[in-house]
Amino acid sequence: MKIIVPIKQVPETSNVSMDPETGTMIRDGVESIINPLDLYAIEEAVNLKEEHGGEILVISMGPAKAEMAIREAISMGCDDGILLSNKEFAGSDTLATSYALSQAIKKFNPYDLIICGERATDGDTGQVGPGIAAWLDIPFTTYVSNIKEVNENSMIVQRMVETGYEILEIETPCLLTVIKEINYPRLPSMRGKLLAKKKEIKTWGPDDIGAKKDYLGLEGSPTRVVKISKPKVSRGGEILMPKNESELDKAVDGLIEYLQKKEII
Amino acid sequence: MSYKDVWVLSEQEDGKIKLVSYELLTRGRFLADKRNVKLVAIILGKSIDKEGLQELIYRGANKVIVIEDTSLEYFLPEPYANTVASLIQKYNPEIIIASATTTGRTVMPAVAIKCITGLTADCTDLDIEEETGNLIQTRPAIGGNILATIMTPKYRPQMATVRPHSNKPLVPDNSRTGDIIYEKVDKSILKSRIKKLDFKINQEEDANIQDADVVISGGKGLKKEENFQMIRNIAALLDGAVGASREAVDLKWATYPHQVGLSGKTVSPKFYMAVGISGSVQHLAGIKTAENIVAINSDPEAQIFQVADYGIVADLFEVLPVLTKKLEALKQ
Ligand SMILES: Cc1cc2nc3c(=O)[nH]c(=O)nc-3n(C[C@H](O)[C@H](O)[C@H](O)COP(=O)(O)OP(=O)(O)OC[C@H]3O[C@@H](n4cnc5c(N)ncnc54)[C@H](O)[C@@H]3O)c2cc1C
Ligand SMILES: Nc1ncnc2c1ncn2[C@@H]1O[C@H](COP(=O)(O)O)[C@@H](O)[C@H]1O
């Protein structure tokens with residue numbers, strides 16, 4: 001199987017701090033990591049390779065340092081990586097990003113499968129995966145929680161929706177976005193780390209992928225972020241600290257009154 | 001080219017209109033009134049309940065466009081995306097919004113590419129800039145740490161998905177009238193390279209946290225798997241669903257469909273209660289749009305209290321039994 005995994009490098013947001021004045025993220029000293037939800041995509045690709053043979057290509061669009069993310073993916077078992085990095089790509093929204101990635105993926109035709117993360121934890125849109133599939137005109141589905149079967153020209157996958165799971169048969173080549181339920185990502189192996197260190201990662205620009213420039217970057221992006229603000233952190237709610245049993249009882253009564261006032265009971 | 005009208009993409013299941021579609025009409029009505037244009041509901045399916053179609057009008061639509069075909073019986077990305085894109089190209093709406101459900105978040109990105117336009121995911125607020133008619137789209141980003149306001153100034157249509165349950169359906173008004181139009185699309189665009197073989201309903205009924213009005217969540221503070229049952233009991237008493245922090249899911253006290261947060265689900269119920277949950281940034285990212293938040297935690301410094309409308313700083317093992325008893329008494 002030839003599998004392509006698009007991954008994104010994102011700021012580590014678990015202890016992110018915000019500038020209270022501007023409402024923007026303080027990026028100084030913030031570490032960059034592989035989008036945590038892309039680790040499941042990588043793991044699934046490596047599992048499939050282990051079972052069915054083949055090769056995995058990771059591809060990322062971002063600044064030069066996104067090369068680190070590609071190396072990390074290789075240390076987990078991916079074979080090769082391509083970085084799309086160029087000032088022409090800067091400022092791309094999901095339309096332009098999925099266009100650039102799809103152009104690069106075309107260079108690796110024929111492939112069997114593209115696996116994306118469910119969404120990136122920074123932009124948090126989940127639009128790039130379906131977007132790539134639309135540009136490439138290949139079948140796709142989202143929220144995949146299990147790959148049940150891999151056949152000659154199709155696969156059977158399980159997709160999580162609000163009320164349960166769909167079992168779908170999808171023709172290959174196809175694109176899947178996967179959710180956390182699908183596996184447990186492994187840690188890089190020693191051997192993997194060594195291989196990753198030595199690997200030469202190619203960097204491509206718009207000309208290497210035959211991209212139309214007016215489809216890229218800020219110019220090719222229909223959406224504009226016009227304002228960033230800080231959500232109000234504190235709701236200023238009523239917080240009770242009962243000191244004894246009767247105070248606790250009152251606090252619970254207060255909760256029930258609250259529920260009644262809000263017409264929940 | 002001139003673009004006109006506001007469209008909402010309605011959803012159905014087994015021919016019945018889903019509640020989220022009525023919620024979406026409220027948003028659509030607001031935008032259509034501001035723009036002084038018609039609100040059109042689009043619905044795809046096989047044989048859609050006639051009363052439901054009428055109710056789309058009663059709840060705000062001026063017009064309903066129905067596309068019925070066996071290949072549209074249930075959601076499949078290709079025929080759905082192709083159909084919606086072909087209707088957009090035929091009628092040129094100025095704005096089209098969909099619910100940020102698993103369906104909306106799957107079909108809309110593909111439609112946006114086919115129409116070469118912008119799409120803003122998972123908006124919590126939508127408004128119109130009067131001079132330009134630009135849709136002002138507000139959404140949380142970076143794990144809920146910021147609110148971004150996004151516009152699509154130079155491209156039409158403007159597209160957005162809207163968080164389910166972030167507003168209420170309008171009360172049906174039977175005096176409202178409007179046209180229900182059945183359209184046909186070319187068979188060639190209804191082909192699908194995906195087949196649905198089966199559907200497994202989630203056996204755990206209380207796992208549907210995205211659709212629930214009430215979500216009661218438990219975290220690591222519950223200490224043991226057995227104790228998690230207390231959360232389920234309270235949820236059952238309030239007819240709610242059961243949520244869990246990632247810690248609780250990793251400890252296998254609850255399955256993944258219950259996980260709330262950045263790497264789980266985003267919920268926006270009317271009432272969210274967090275019990276023994278610290279309120280990490282990642283957890284908060286999933287609950288910021290809940291209408292009312294109550295927290296029970298023994299640590300007064302726990303971050304969850306910052307977002308709580310009502311909080312009790314106490315041992316959950318003392319609070320929950322009392323609460324359960326009182327709720328049971330009320331039920332009788
Ligand atoms: C990339 C990434 C994604 C993540 N995604 C998610 C996600 O989607 N959802 C999520 O929830 N987390 C997520 N996390 C994990 C998150 O950072 C926290 O680790 C997690 O939310 C903590 O769960 P918790 O609040 O149950 O546990 P803890 O943080 O351990 O909190 C337990 C709380 O229980 C309280 N407590 C203890 N005993 C009692 C008692 N007797 N009575 C009352 N209170 C008591 C404690 O005071 C404490 O506040 C993610 C992390 C990363 C890095
Ligand atoms: N810049 C990028 N480079 C490579 N892959 C990306 C990029 N942005 C998004 N993706 C992929 O698309 C998925 C969804 O991202 P998003 O639509 O930004 O939430 C991610 O999990 C990645 O698999």
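Below, chains carry the letters A, B, ... as their sequence lines are ordered, and counting in each starts from 1.
Residue with the most contacts toward chain A among B:Gln158, B:Glu13, B:Gln259, B:Gln137: B:Gln259 (heavy-atom pairs, distance under 4.5 Å). Looking only at heavy-atom pairs under 4.5 Å with chain A, the residue among B:Gln303, B:Lys114, B:Lys270, B:Lys331 that has the most is B:Lys270. Put simply, of B:Glu78, B:Lys154, B:Lys326, the one with the most heavy-atom pairs under 4.5 Å next to chain A is B:Lys326. For the set B:Val111, B:Leu119, B:Leu238, the entry with the most heavy-atom pairs within less than 4.5 Å of chain A is B:Leu119. Of all the listed residues (B:Pro109, B:Ala81, B:Pro140, B:Gly118), the one sharing the greatest number of non-hydrogen pairs under 4.5 Å with chain A is B:Pro109. Between chain A and the options B:Ile201, B:Thr152, B:Leu197, the largest number of non-hydrogen pairs under 4.5 Å is found for B:Leu197.
With a 4.5 angstrom heavy-atom cutoff, B:Pro257 touches chain A via backbone and side-chain atoms both. Contact annotation for B:Tyr155: only side-chain heavy atoms (C-beta onward) come within less than 4.5 Å of a heavy atom of chain A. Proximity to chain B (any heavy atom under 4.5 Å) is shown, for A:Glu263, by both the backbone and the side chain. For a residue to count as touching a neighbouring chain, one of its non-hydrogen atoms must lie under 4.5 Å from one of that chain's; by this rule A:Ser154 does not touch chain B. With a 4.5 Å cut-off on non-hydrogen atoms, A:Tyr165 touches chain B through its backbone and its side chain both. Only the side chain of A:Ile156 comes within less than 4.5 Å of a heavy atom of chain B; its backbone N, CA, C and O stay farther away. The contact between A:Leu255 and chain B is made by backbone and side chain atoms together, counting heavy-atom distances below 4.5 Å. Neither the backbone nor the side chain of B:Ser280 comes within contact range of chain A, judged by heavy atoms closer than 4.5 Å. In this structure, the portion of B:Ala314 lying under 4.5 Å from any heavy atom of chain A is its side chain and not its backbone. For a residue to count as touching a neighbouring chain, one of its non-hydrogen atoms must lie under 4.5 Å from one of that chain's; by this rule A:Pro36 does not touch chain B. Within the 4.5 angstrom heavy-atom criterion, atoms from both the backbone and the side chain of A:Ala251 approach chain B. A:Leu168 touches chain B through backbone and side chain together, each having a heavy atom under 4.5 Å away. Interface residue B:Met273: only side-chain heavy atoms are found under 4.5 Å from chain A. Only the side chain of B:Asp250 comes within contact range of chain A, with at least one heavy atom under 4.5 Å from a heavy atom of that chain. With a 4.5 angstrom heavy-atom cutoff, B:Leu330 touches chain A only via side-chain atoms.
Residues of residues 177-186 of chain A placed with any heavy atom under 4.5 Å of a heavy atom in chain B are listed by number as A:Ile179, A:Lys180, A:Glu181, A:Tyr184. By a heavy-atom distance cut of under 4.5 Å, B:Asn208, B:Gln210, B:Asp211, B:Val214 are the residues of residues 207-214 of chain B near chain A, going up by number.
A salt bridge between B:Asp309 and A:Lys262 is absent, with no side-chain N of the basic residue lying under 4.0 Å from a carboxylate O of the acidic one.
Using a 4.5 Å cut-off on side-chain heavy atoms (C-beta onward), B:Ile194 and A:Phe140 make no contact. Counting heavy atoms from C-beta outward, A:Val161 and B:Thr101 have side chains that stay 4.5 Å or more apart. Side-chain atoms of A:Thr125 and B:Thr120, non-hydrogen and from C-beta on, never get closer than 4.5 Å to each other. For the pair A:Ile239/B:Val313, a side-chain contact is recorded, criterion being any heavy-atom separation below 4.5 Å from C-beta on. Counting only heavy atoms from C-beta outward, the side chains of A:Cys174 and B:Arg193 never approach each other to under 4.5 Å. Using a 4.5 Å heavy-atom cutoff, the side chains of A:Thr163 and B:Asn202 are not in contact. Within the 4.5 Å cutoff, the side chain of B:Val322 has heavy atoms near those of the A:Asp249 side chain. Looking at heavy atoms from C-beta onward, A:Leu95 lies in side-chain contact with B:Ile113 at the 4.5 angstrom threshold.
The line from CD of A:Glu162 to OG of B:Ser99 is 9.5 Å long, rounded to the nearest 0.5 Å. To the nearest 0.5 Å, atom OH of residue B:Tyr256 and atom CE of residue A:Met160 are 5.5 Å apart. Of the inter-residue distances, the one linking A:Leu240 atom CG with B:Ile312 atom CD1 reads 6.5 Å to the nearest 0.5 angstrom. Expressed to the nearest 0.5 Å, how far CG of A:Asp124 lies from CG of B:Leu262 amounts to 6.5 Å. Separation of atoms CG (B:Leu76) and OG1 (A:Thr141) is listed at 8.5 Å; rounding is to 0.5 Å.
The heavy-atom pair separating B:Gly264 from A:Arg119 by the smallest distance is O-NH2, 3.1 Å. Residue B:Pro300 comes nearest to A:Met241 through the heavy atom pair CB-CE, 3.8 Å, listed as atom of the first residue, atom of the second, then distance.
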| task | Walk me through it: do A:Ile265 and B:Leu237 pass the test side chain to side chain contact (heavy atoms under 4.5 Å, CB included)? | result | CA-CA 10 Å; A:Ile265 49 176; B:Leu237 283 166; over 6 Å; no
| said: For a side chain to side chain contact (heavy atoms under 4.5 Å, CB included) check, start with the C-alpha distance between A:Ser229 and B:Ile146, then their side-chain angles and the critical distance, and finish with the verdict. | reply: CA-CA 6 Å; A:Ser229 58; B:Ile146 63 164; over 6 Å; no
| task | Go through the steps for B:Ile150 and A:Lys227 under the test side chain to side chain contact (heavy atoms under 4.5 Å, CB included), then give the verdict. | result | CA-CA 7 Å; B:Ile150 292 165; A:Lys227 197 176 100 195; over 6 Å; no
| Can you list the steps and then say if A:Ile167 with B:Lys196 is a side chain to side chain contact (heavy atoms under 4.5 Å, CB included)? | CA-CA 6 Å; A:Ile167 311 296; B:Lys196 186 149 109 179; over 6 Å; no
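When the ring-ring contact (aromatic ring centres under 6.0 Å, His included) test is applied to B:Phe75, the partners found at least two apart in sequence or on another chain are B:Tyr80. Scored by the salt bridge (Lys or Arg N to Asp or Glu O under 4.0 Å) test, B:Asp198 finds no partners at all (sequence neighbours excluded).
In terms of modelled atom types and a separation under 3.5 Å, the side chain of B:Arg105 and the main chain of A:Gln127 share no donor-acceptor contact.
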